[in-house]
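Heads up: the structure comes next, in structure tokens.
The figures here come from the full heavy-atom set of this structure, side chains too, leaving out hydrogens, waters and symmetry mates.
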Amino acid sequence: MEILSSAGLLAGLNSEQLAAVTWPAQPALVLAGAGSGKTRVLTTRIAWLLQTGQASVHSILAVTFTNKAAKEMQLRLSALLPVSVRAMWLGTFHGLCHRFLRLHYQEAGLPKTFQILDIGDQLAVVKRLLKQLNIADEVIAPRSLQGFINAQKENGLRASQLTARDPHERLMIECYAAYDSLCQNEGVVDFAELMLRSYEILQSNEVLRSHYQNRFNHVLIDEFQDTNKLQYAWLKLLAGEHAAVFAVGDDDQSIYRFRGAEVANMTRFLHEFGVSEPIRLEQNYRSVGNILTAANAVIAHNASRLGKNLRTEAGSGEKIRVLQAINDIEEAQFVVDEVKALHREGLNYMQMAVLYRSNAQSRVLEQALFRAGIPYKIYGGLRFYERQEIKHALAYLRLTVNPNDDNALLRVINVPARGIGARSIENIQAAANETGISLWQAATSLAAKNSKIAAFVHLIENLQAQAAQVSLPELMAAAIYDSGLMEHYRTQKGEQQERINNLEELLNAAVAFKPQESGFNLEPEYDENDPLSAVLSFLSTASLEAGEHQAGQGEDALQLMTVHAAKGLEFDGVFLTGLEEGLFPSEYSMAERDGLEEERRLMYVAITRARKRLYLTMAEQRLLHGQTHFALPSRFVDEIPEAVLHYLSAHKNSLVSRQQTTQRTNPFHSRSKLAETPASTDFDGFQLGQNVHHERFGTGVIIDATHKAEGARLTINFGKQGIKELDTVFAKSKLTIIS
DNA sequence: TAGCCGATAGTTTTT
DNA sequence: CTATCGGCTA
């Protein structure tokens, strides 16, 4: 096989990219702007390191956040190099930690068959724990405890390392400790535990630490701005003194602070790894000039940044189309009309996306699209391996490989119903608590007295016997059919066909599953002749790669998703909807410190998704939680230079543009006569939803009003200035109606 | 043990 | 508005 020359590998890179790819074996921080060829730089660097003999596949550690990104890198890498990238430690933080723990389960104090808890499983454990400790939901809400535990773990802190500031916190910490020991007893680990446990082992076990520190001399990280405290510490520990850490990220695209991501890790990296200046990738290969101008202008309003300005060699392109609709329904209709028009012009639906800040906004869009017969695909919602029937089927498998998994037992002991009711389960739990054994052990001891329990025990024992002998698909089939699960869904009334299909799909997945490719079994310890290894891999993959959000691949469909979900994606045409104060930027975020900057980064991410055409839309009125809300256009729209914007009127064939030269004190407020709000009561000359100007507070919208003996009392949302209550008797002279 | 009812809450979510 | 959950009843 011909080996590509180094020159061939590097051909076509721009000077910035070349500098990054061929950076010497020293720490580097690459500031990779949106659409600047980040993945290419990352993969080419790895290929270059390998090809020039600076590194071997064994000495490279490459980390991503998503499975998608990891797969993408693996794919591109194998296209660049004839070597097998299988042996490389390339994967997600959690995937790699998982591999580490499987390899060193003994050092980690875990059973060989330990199982992974996803968020749903974790919540179930937390609920069970609180019940066990007799703590009411009102005292500690399960979700808040779950959040607390995860946040602490992501900060690298165990319960024993925490000090309480108040009694409530002390209780939370006690629960955290109890939770950890519960998980330990049951042989299960949550996502954060995968990381924390790995980190702790590396820290305490010198043999392992020096082994890995010596092994990895190149550590590469993607999306570095999204790392949390623990991930940073883990990387630093693994890298040791000598590894060349190559961190790639974009501080302007840090949008996961609510999940513990710390942008500050970027500056921290510069200091702690002695990097004087980041390498900037500012050449954008995605968007036309006007879109980049908008993105640059918006993000320039943020104070805390490392600084970066995207440029393109493409032309300025079309202007960004802006539309303020009367309400959310009209906004959705506009999107429908434009999507239709673009599709007629030859653009695939797939190449267009409708983005919104929160999932709740999708409904109106969905209805309009459905009515118009436009195929669409919504991202978000339940993923394949999170579905009830799938989790049930997998719980049988989990119980088979790890009978101490109380979670799994409780999930399936009476699904399908086999006469083990609440009181029987209570008996089992009581027996287990008494002697400190697992539910499974308690159940086996109670089987002699209870035939229903005996039947269940027999079912699981039968699966266990098969596990050692039959293949994964056969075991999966046994779990689905012998348990009666399939029969259960077949005989249940209602729309169960979907669940049956999913169970069949699960069987297909088991048949198609290749443990060697699951990314967890690349080490010599993996025994491909041991059926149990395949089952463990399958279960782990199910937890760590919960699958696609929605099926229906291959179909040409319009893409609907939140801005968060759109990160990393790109489309020819993008509709950025719901650009209203309070919604985007969201009200919640504005209460938080630096919350507005995070929202602005989100806006930056949203804008930079578009290649050629970008629409910014907003509604004056929107139905939220069953109530009509009035809002002003998002401040982010005002932050975009007028020169790249093109205002559209809200009516008929939508593309009718408003004269560019129209005096533009505030184009949003020059509402057309046709678009007048439906008759509303008069409040001393004012109306609900009206836009007004106040000499001190600026522009606002009347969101509430009450009649008074004399005049009226108006509640006005002045956006940045806040919501004010004004009395017309006093304020009338200071208020001007502008629409 | 399913099914119904009322109360409740309701940003974003890579693993 | 509307999805979800816990408690209660048939």
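Partners of A:Ser543 under the side-chain contact (heavy atoms from CB on, under 4.5 Å) rule, at least two apart in sequence or in another chain, are A:Ile116, A:Arg398. A:His488 is linked by a side-chain contact (heavy atoms from CB on, under 4.5 Å) to A:Pro416, A:Gln492, counting only residues two or more places apart in sequence or in another chain.
Side-chain atoms of A:Glu331 come within 3.5 Å of backbone N or O of A:Gly578 as a donor-acceptor pair. For the pair A:Asn228 (side chain) and A:Asn155 (backbone), a donor-acceptor distance under 3.5 Å is absent. Here the side chain of A:Arg357 pairs no donor or acceptor atom with the backbone of A:Phe584 at under 3.5 angstrom.
Taking the P atoms as reference points, C:dT4 lies 15 Å from B:dT13, given to the whole Å. The gap from the P atom of B:dT12 to that of C:dC5 amounts to 16 Å, rounded to the nearest Å.
For the pair A:Cys175/A:Leu133, a side-chain contact is recorded, criterion being any heavy-atom separation below 4.5 Å from C-beta on.
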Only distances under 3.5 Å count here; give the side-chain donor-acceptor pairs of residues 136-147 of chain A to other protein atoms, sequence neighbours excluded, each with its distance to 0.1 Å.
from, atom 1, to, atom 2, distance (Å)
A:Ser144, OG, A:Ala141, O, 2.9
A:Gln146, NE2, A:Ile119, O, 2.9
A:Gln146, NE2, A:Gln122, OE1, 2.9

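Listed in residue order, the members of residues 120-139 of chain A having a heavy atom less than 4.0 Å from DNA chain B come to none.
Protein chain A contacts DNA chain C over a range whose 5' and 3' limits, counting nucleotides with an atom under 4.0 angstrom from a non-hydrogen atom, are C:dC1 to C:dG6.
Within 4.0 Å of A:Tyr256, counting heavy atoms only, lies at least one base atom of the nucleic acid.
Evaluation of A:Phe258 against the base of B:dT12 yields a stacking contact (centre distance < 5.5 Å, interplanar angle < 30°).
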Any protein N or O atoms within reach of nucleotides 5-11 of chain B? Criterion: under 3.5 Å, listing atom names and distances.
from, atom 1, to, atom 2, distance (Å)
B:dG10, N3, A:His625, ND1, 3.4
B:dT11, O4, A:Glu592, OE2, 3.1

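Counting to the nearest Å, the P atom of B:dT13 and the CG atom of A:Asn228 are 18 Å from each other.
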